[in-house]
Amino acid sequence: MIALSFLPYLRVLFFLPSLTLAASATTSTFTDTDTGITFQRFFGAKTQFGFGIALPENPTTDFIGQMDFPTPANAGWGGISLADEMVGPLLLVAWPTGNNVTSSFRLAKNEDDSPPVTTGSFAVSPIPQGTSANGTHMKFTFLCQNCIDGKLGFAAGDTNSAGFEMGWALASKAVKNAADPATTLPFHNSGFETFQAQLNLARSASFGEWAAMAGVAASNGSTTPVAAAAPGSASASSFGGGDDDDDDDDDDDSDDDD
Ligand code: HEM
């Protein structure tokens, strides 16, 4: 009788571990040896997909990003979403073309079709020192200009966040025509998920120096202070990044990767 009265407590203990597994992965500090850039980086142990982000001390419009991932048979693609969904935020995809890397911005209208190319005032400038493709792995380091915008993903005020939610996706199958930046992409069969980007820790006084490796002057130094945005204020992201109330993707645990 006494032992049975403990049963409800045992059940609670049993379920606790599965609750903790549902939380998305968080970025950590990572210094890339090719460029010397220190990123806040998400890394999926199962897929080996990595995405790092570096920011100026006082972010305004630009960030530096780095994607690196396996490309079996020199094919497949990897991508990031600037907020916590596939449909809505700005997406950046990259794939190998021989020993080069091709990339394009995409905007998904739904979760059924390959997201079409999109254009705007945003632009990507590769950092050649950190960009390579060797047949089985590729790495793409870039300056993303005019990419910090609450309508695209995170706003400057969101860079105070210790956990802004972004997304990643990886495919091992070949894109339709690797030479065409607007090519049709196959489904992200290798994995996809959201992760918490510790944007507050991604800031560095060395940003200007790193951005100069892109061969173009960074459009902002580290001189304009950015006030912390109040949650839900107009200057903050219009996406749900940082919130944990978006459980649309709770059913995709088989694709989880941390
Ligand atoms: C042919 C191309 C694509 C198809 C058919 C596709 C399809 C889908 C589907 C069906 C889901 C929802 C799965 C679920 O909730 O269980 C999903 C989620 C997701 N996709 Fe895609 N996708 C494509 C391309 C992309 C690209 C290019 C990116 C990013 C660069 C991306 C990023 C994501 C992310 C981050 C999620 C998880 C968050 C969410 O559910 O909104 N996808 N995709």
Side-chain angles (χ1 to χ4, degrees), residues 21-27 41-44 46-53 63 65-71 75-97 101-120 122-124 138-142 144 147 149 152-154 163-178 180-197 237-258:
L21 279 177
S24 61
T26 304
T27 55
R41 183 173 183 252
F42 160 82
F43 182 69
K46 196 169 75 187
T47 60
Q48 305 281 301
F49 176 94
F51 171 68
I53 182 163
F63 71 81
Q66 180 178 74
M67 283 187 229
D68 70 293
F69 49 89
T71 53
W77 62 266
I80 53 154
S81 168
L82 294 190
D84 62 349
E85 290 153 285
M86 172 179 155
V87 179
L90 187 65
L91 310 173
L92 178 64
V93 292
W95 60 86
T97 34
V101 169
T102 302
S103 71
S104 59
F105 287 109
R106 306 286 176 121
L107 197 59
K109 294 193 177 78
N110 56 51
E111 288 181 342
D112 300 323
D113 305 311
S114 172
V117 160
T118 188
T119 53
F122 39 82
V124 129
M138 67 151 270
K139 184 164 167 177
F140 179 42
T141 311
F142 54 91
C144 205
C147 293
D149 181 338
L152 306 175
F154 58 93
F164 187 86
E165 210 160 319
M166 297 174 73
W168 64 275
L170 181 66
S172 62
K173 301 211 174 87
V175 301
K176 201 167 179 193
N177 174 9
D180 176 11
T183 192
T184 302
L185 308 168
F187 178 68
H188 31 71
N189 63 307
S190 302
F192 64 97
E193 197 38 282
T194 57
F195 62 93
Q196 301 280 334
S237 171
S238 46
F239 300 100
D243 290 343
D244 261 340
D245 59 353
D246 182 351
D247 27 337
D248 285 347
D249 44 2
D250 278 354
D251 57 345
D252 54 29
D253 285 343
S254 59
D255 297 279
D256 265 359
D257 199 352
D258 52 13

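What you are looking at is a predicted structure, and each value in this text was computed from that prediction instead of being measured. Residue numbers count from 1 along this sequence. Just so you know, ligand 1 is whichever comes first in the structure, and atom 1 is the first atom listed for that ligand.
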Does the ring centre of F51 sit less than 6.0 Å away from the ring centre of F49?
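Between F49 and F51, the centre distance exceeds or equals 6.0 Å.
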Distance check, rounded to the nearest 0.5 Å: F42 atom CZ versus T26 atom OG1?
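The distance works out to 10.0 Å.
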How long is the span from the CZ atom in F63 to the CZ atom in F154, to the nearest 0.5 Å?
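The distance works out to 5.0 Å.
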What pairs with R106 under salt bridge (charged side-chain N to carboxylate O under 4.0 Å, His left out), at least two apart in sequence or on another chain?
none
Which of the numbered atoms in ligand 1 are under 4.0 angstrom from any heavy atom belonging to [X]?
X    : answer
S114 : 1 (C), 2 (C)
E85  : 41 (O)
L185 : 1 (C), 2 (C), 27 (C)
V93  : 27 (C), 30 (C)
G79  : 30 (C)
W168 : 35 (C)

Is S104 close to W77 at the side-chain level, that is, under 4.5 Å between some pair of heavy atoms?
no
Is the side chain of [X] donor-acceptor paired with the backbone N or O of [Y] at a distance under 3.5 Å, no angle test?
X    : Y    : answer
T102 : W95  : no
S114 : L185 : yes
N189 : S172 : yes

Measuring from [atom], which candidate in [options] has the nearest non-hydrogen atom?
atom                    : options               : value
atom 40 (O) of ligand 1 : H188, E111, E165      : E111
atom 41 (O) of ligand 1 : E193, K173, M86, M166 : M86
atom 4 (C) of ligand 1  : F105, F187, F192, W77 : F187

Of the side chain and backbone of D112, name the one, both, or neither that has a heavy atom under 4.0 Å from an atom of ligand 1.
backbone
Answer with side chain, backbone, both or neither: which part of T184 has a heavy atom less than 4.0 angstrom from an atom of ligand 1?
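Neither part.
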Counting only nitrogen or oxygen atoms and a 3.5 angstrom limit, does P115 reach ligand 1?
no
Sequence neighbours excluded, which residues qualify as side chain to side chain contact (heavy atoms under 4.5 Å, CB included) partners of A182?
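So A182 forms a side chain to side chain contact (heavy atoms under 4.5 Å, CB included) with V117, D180.
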Heavy atom of R106, distance to ligand 1 below 4.0 Å:
no
